[in-house]
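Every chain is numbered from 1 and lettered A, B, ... according to where its sequence line falls, protein lines coming before strand lines. Here the structure is a predicted model, which means the values were calculated and not measured.
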2 protein chains.
Amino acid sequence: MLSLTTSKAGHPMTYHHGNLRIALLDRAAEVIAESGIEALSLRALARDIGVSHAAPSRHFKDKADLLAALAAEGQRRMIDALNEAAEAAGDDPVARYNALGRECIRFSLMNRAYALAFENPEVQRHSDKALLEARAAYNRTVRQAAEAAQQAGWHPGVDVDVLQLFSTAAATGAASMLIHDEQYQGMPLEEAERLAAQIINLVIPPSSNALRSNRK
Amino acid sequence: MLSLTTSKAGHPMTYHHGNLRIALLDRAAEVIAESGIEALSLRALARDIGVSHAAPSRHFKDKADLLAALAAEGQRRMIDALNEAAEAAGDDPVARYNALGRECIRFSLMNRAYALAFENPEVQRHSDKALLEARAAYNRTVRQAAEAAQQAGWHPGVDVDVLQLFSTAAATGAASMLIHDEQYQGMPLEEAERLAAQIINLVIPPSSNALRSNRK
DNA sequence: CCTAAATGTTGTCACTGACAACTTCGAAAG
DNA sequence: CTTTCGAAGTTGTCAGTGACAACATTTAGG
């Protein structure tokens with residue numbers, strides 16, 4: 001009898017799933033996006049995929065380990081998305097950092113499971129190597145872009161550590177509010193992107209030209 | 001035999017705790033501050049307080065209900081703290097809103113359990129009446145202060161909804177990062193308060209005078 | 001004084017995460 | 001091709017949990 005859960009198309013179910021780690025991560029992302037992290041259960045994931053309740057432990061040390069792996073994957077994908085957004089914004093470091101901030105929010109809205117994993121306290125204090133590396137890479141990306149924006153005239157004289165903390169806080173805080181706050185539920189992505197742009201424009205203007213012409 | 005858990009000083013343990021709801025909330029705050037929300041267990045709280053495992057259900061519908069009650073209590077206390085900070089800042093609406101932002105971060109750092117409850121997804125989607133009212137009161141407080149600051153010259157021409165979202169995102173995002181990010185663990189409160197001031201000063205200057213003299 | 005509600009209790013169930021021991025498969029080495 | 005070992009499954013068990021039911025005690029109100 002063919003099984004829908006087998007990883008080998010057209011083959012009878014075998015003892016070895018063949019791709020269980022990936023399947024667990026994909027299914028976990030679905031469950032989190034639909035029902036939140038609190039609804040995540042290793043046993044339920046195993047049932048959904050059609051393996052025994054102890055099979056996940058061959059791939060993840062524990063539940064927090066799976067969440068950390070999911071967050072690491074999300075962090076890597078977000079770095080790629082941020083770099084693409086910066087590239088698309090051209091050469092102006094101010095425009096690039098503005099694009100980075102907007103993409104941070106947009107990525108979180110489009111990848112709800114990753115966003116929820118990022119802000120989960122157990123994930124945040126996890127010492128998983130891949131996650132720590134992904135987070136460090138993310139911090140380097142943001143830091144380099146913040147330094148370039150400052151060199152181009154954004155908040156000269158302010159400690160770049162503070163600028164990085166300020167801009168990251170605003171972007172991730174906005175993403176979190178758009179995800180959780182009831183008043184934004186169901187908001188179309190385009191409208192949320194416009195709102196994200198308005199917020200990020202208060203953090204850093206959309207271009208160096210806009211920066212020079214700003215008067216408060 | 002006297003029991004340390006009895007609510008009536010000097011009285012033998014009675015069947016009725018007398019103050020169980022408050023005791024559960026207080027102990028929950030301790031556990032959350034020490035070990036995080038994931039470590040919270042109704043049964044463990046009951047054991048700690050010396051009542052049976054089902055006693056909490058007489059005061060809280062379920063675990064999420066207890067968390068929501070804790071968050072509502074924290075929200076009310078935060079509103080009081082924000083109002084006190086604004087009063088202490090004087091009459092300048094820009095200075096008052098700046099003080100509000102700083103106090104939001106300071107309060108979260110000093111009340112870790114409340115801060116963790118605020119950002120917990122189950123709490124955020126909870127429909128507990130007291131929590132919704134507290135949250136609405138908080139939003140009114142922030143909204144009125146944002147409108148006054150705008151009237152005094154802060155970001156004229158920007159939708160005040162966007163200003164409120166921007167400033168709330170920056171303050172709560174910074175609080176969350178200071179709480180969770182490993183590099184800020186163990187930072188003395190005074191140093192964290194200075195950092196909070198630097199961040200909030202990027203959101204809104206410390207006074208209307210500073211607003212007028214800003215050039216970017 | 002009586003009654004009903006509040007607030008406890010004991011008990012049970014299903015589910016969970018974690019761990020142990022065993023089984024099957026696959027890859028690598030000879 | 002065979003053997004061996006590790007990977008990756010399995011079944012089973014335990015302790016703890018949340019939730020619910022039914023019972024017991026206390027308190028407040030009529």
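We find the CD-CZ distance between A:Glu133 and A:Arg76 to be 9.0 Å, quoted to the nearest 0.5 Å.
Separating the CG atom of A:Asn19 from the C1' atom of C:dG26 is a distance of 16 Å, rounded to the nearest angstrom. Rounded to an integer number of Å, the gap from B:Arg21 CZ to C:dA6 P is 14 Å. Counting to the nearest Å, the P atom of D:dG16 and the CG atom of B:Asp48 are 14 Å from each other. The separation between B:Leu24 atom CG and C:dA6 atom C1' is 15 Å, rounded to whole Å. Taking atom CG on A:Leu20 and atom P on C:dT24, their separation rounds to 19 Å, with Å as the unit. Rounded to whole angstrom, the span from the CD atom of B:Glu38 across to the P atom of D:dT17 amounts to 15 Å. Between B:His17 atom NE2 and C:dT7 atom P the separation is 13 Å, expressed in whole Å.
Judged by distance alone, the side chains of B:Asn98 and B:Arg102 do bring a donor and an acceptor atom under 3.5 Å apart.
Contact check, A:His59 against D:dG9: a side-chain N or O comes under 4.0 Å of OP1 or OP2.
A 4.5 Å side-chain heavy-atom check between B:Trp154 and B:Val203 finds at least one atom pair inside the cut-off.
A donor-acceptor contact under 3.5 Å is formed by the side chain of B:Tyr15 with the base of D:dA24.
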Taking it one step at a time, do B:Arg96 and B:Glu87 satisfy salt bridge (charged side-chain N to carboxylate O under 4.0 Å, His left out)?
-> CA-CA 7 Å; B:Arg96 286 171 73 94; B:Glu87 283 308 307; 3.2 Å; yes
Footprint string (nucleotides 11-18 of chain C, 5' to 3'): B base within contact, S backbone only, - free, heavy atoms under 4.0 Å = BB---BBB
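Remark: the backbone N or O of B:Val158 is paired with a side-chain donor or acceptor of B:Gln150 at under 3.5 angstrom. Judged by distance alone, with hydrogens and angles left aside, the side-chain atoms of B:Lys63 form a donor-acceptor pair with the main-chain N or O of B:Leu40 at under 3.5 Å.
Side-chain proximity of A:Arg58 to the nucleotides C:dC25, C:dA6, C:dA21 is greatest for C:dA21.
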